[in-house]
Amino acid sequence: MTHEARVRVGVSVNEQGPDTPVVMLEVDDRVVPIFISTDQAQSIKHALDHEPFERPLTHDLLVEMVGEFGSALDRVRIDGLADGTFLAKIDAEQYRDGERRQLTFDARPSDAIAIALRVDCPIEVSANVVDRAGRPAEEFDMQGEQD
């Protein structure tokens with residue numbers, strides 16, 4: 001079972017240290033925090049703001065290439081947690097010679113989220129990940145929050 005998530009990004013003040021970039025996946029009454037790099041946070045923030053960067057970022061380039069190759073991104077899944085590392089998949093489809101081909105790519109969650117926000121495809125979090133990593137929202141003190 002999966003849950004569609006809403007994305008927020010900001011800076012967390014917690015045991016990871018001050019000013020740690022974090023993307024929060026809101027699922028029902030819980031949040032799944034994923035600590036990310038400053039560059040990834042900036043890319044996600046640009047996508048949330050619908051604010052293009054002066055030059056295409058890697059995520060923008062990938063989205064453009066996928067479209068040019070006759071493919072589309074269907075959804076992003078945050079579907080695993082191993083040794084404190086979140087795992088993600090990007091589900092896509094490609095039409096070639098009139099036939100639909102389904103594709104799945106392994107990805108870092110931060111990359112998958114940044115790409116999903118650019119093409120407005122769903123971001124889903126597995127029930128197992130929510131059970132293991134989900135926390136009440138009030139556990140996090142977020143600064144510079146953006147959604």
What do you reckon, is [atom1] of [X] surrounded by more than 12 foreign heavy atoms closer than 6.0 Å?
| X | atom1 | answer |
| --- | --- | --- |
| Glu99 | CD | no |
| Glu4 | CD | yes |
| Arg100 | CZ | yes |

Of Arg75, Lys89, Arg77, which is the lone residue that meets side chain to side chain donor-acceptor pair (under 3.5 Å) with Glu124?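 Exactly one candidate clears the test, Arg75.
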Spacing of [X] atom [atom1] and [Y] atom [atom2] [to the nearest 0.5 Å]:
| X | Y | atom1 | atom2 | answer |
| --- | --- | --- | --- | --- |
| Cys121 | Ile90 | SG | CD1 | 8.0 Å |
| Leu62 | Leu57 | CG | CG | 12.0 Å |
| Glu26 | Arg8 | CD | CZ | 4.0 Å |
| Arg135 | Arg30 | CZ | CZ | 9.0 Å |
| Asp60 | Arg118 | CG | CZ | 4.0 Å |
| Asn128 | Ser126 | CG | OG | 5.0 Å |

Exercise: identify the closest heavy-atom pair between [X] and [Y]:
| X | Y | value |
| --- | --- | --- |
| Pro109 | Ile34 | CB-CD1, 4.1 Å |
| Val129 | Gly80 | CG2-N, 3.5 Å |
| Asp106 | Ala88 | OD1-O, 3.2 Å |
| Pro33 | Ala133 | CD-O, 3.7 Å |

Decide yes or no on side chain to side chain contact (heavy atoms under 4.5 Å, CB included) for Ile36 and Ile44, but give the supporting numbers first. CA-CA 10 Å; Ile36 58 177; Ile44 291 170; 4.0 Å; yes
In the structure I gave you, are the side-chain heavy atoms of Val130 and Leu25 within less than 4.5 Å of one another anywhere?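 They are not in contact (no side-chain heavy atoms under 4.5 Å apart), so the answer is no.
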Among Leu73, Ile78, Asp79, find the one that has a side-chain contact (heavy atoms from CB on, under 4.5 Å) with Val76.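 Output: one option passes, namely Ile78.
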Any donor-acceptor pair under 3.5 Å from Gln94 side chain to Phe69 backbone: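 Here the side-chain-to-backbone pair exists.
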Judged by atom type as modelled, is there a donor-acceptor pair below 3.5 Å linking the side chain of Arg132 to the main-chain atoms of Leu81?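 Judged by distance alone, yes, a pair lies under 3.5 Å.
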Shared hydrophobic cluster, [X] / [Y] (ILVMFWY, side-chain heavy atoms < 4.5 Å):
| X | Y | value |
| --- | --- | --- |
| Val119 | Val9 | yes |
| Val66 | Ile123 | yes |
| Val23 | Leu48 | yes |

For Asp111, side-chain hydrogen bond (donor to acceptor under 3.5 Å, both in side chains) partners two or more places apart: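 Counting only residues at least two positions away or on another chain, Asp111 forms a side-chain hydrogen bond (donor to acceptor under 3.5 Å, both in side chains) with Gln40, His59, Arg108.
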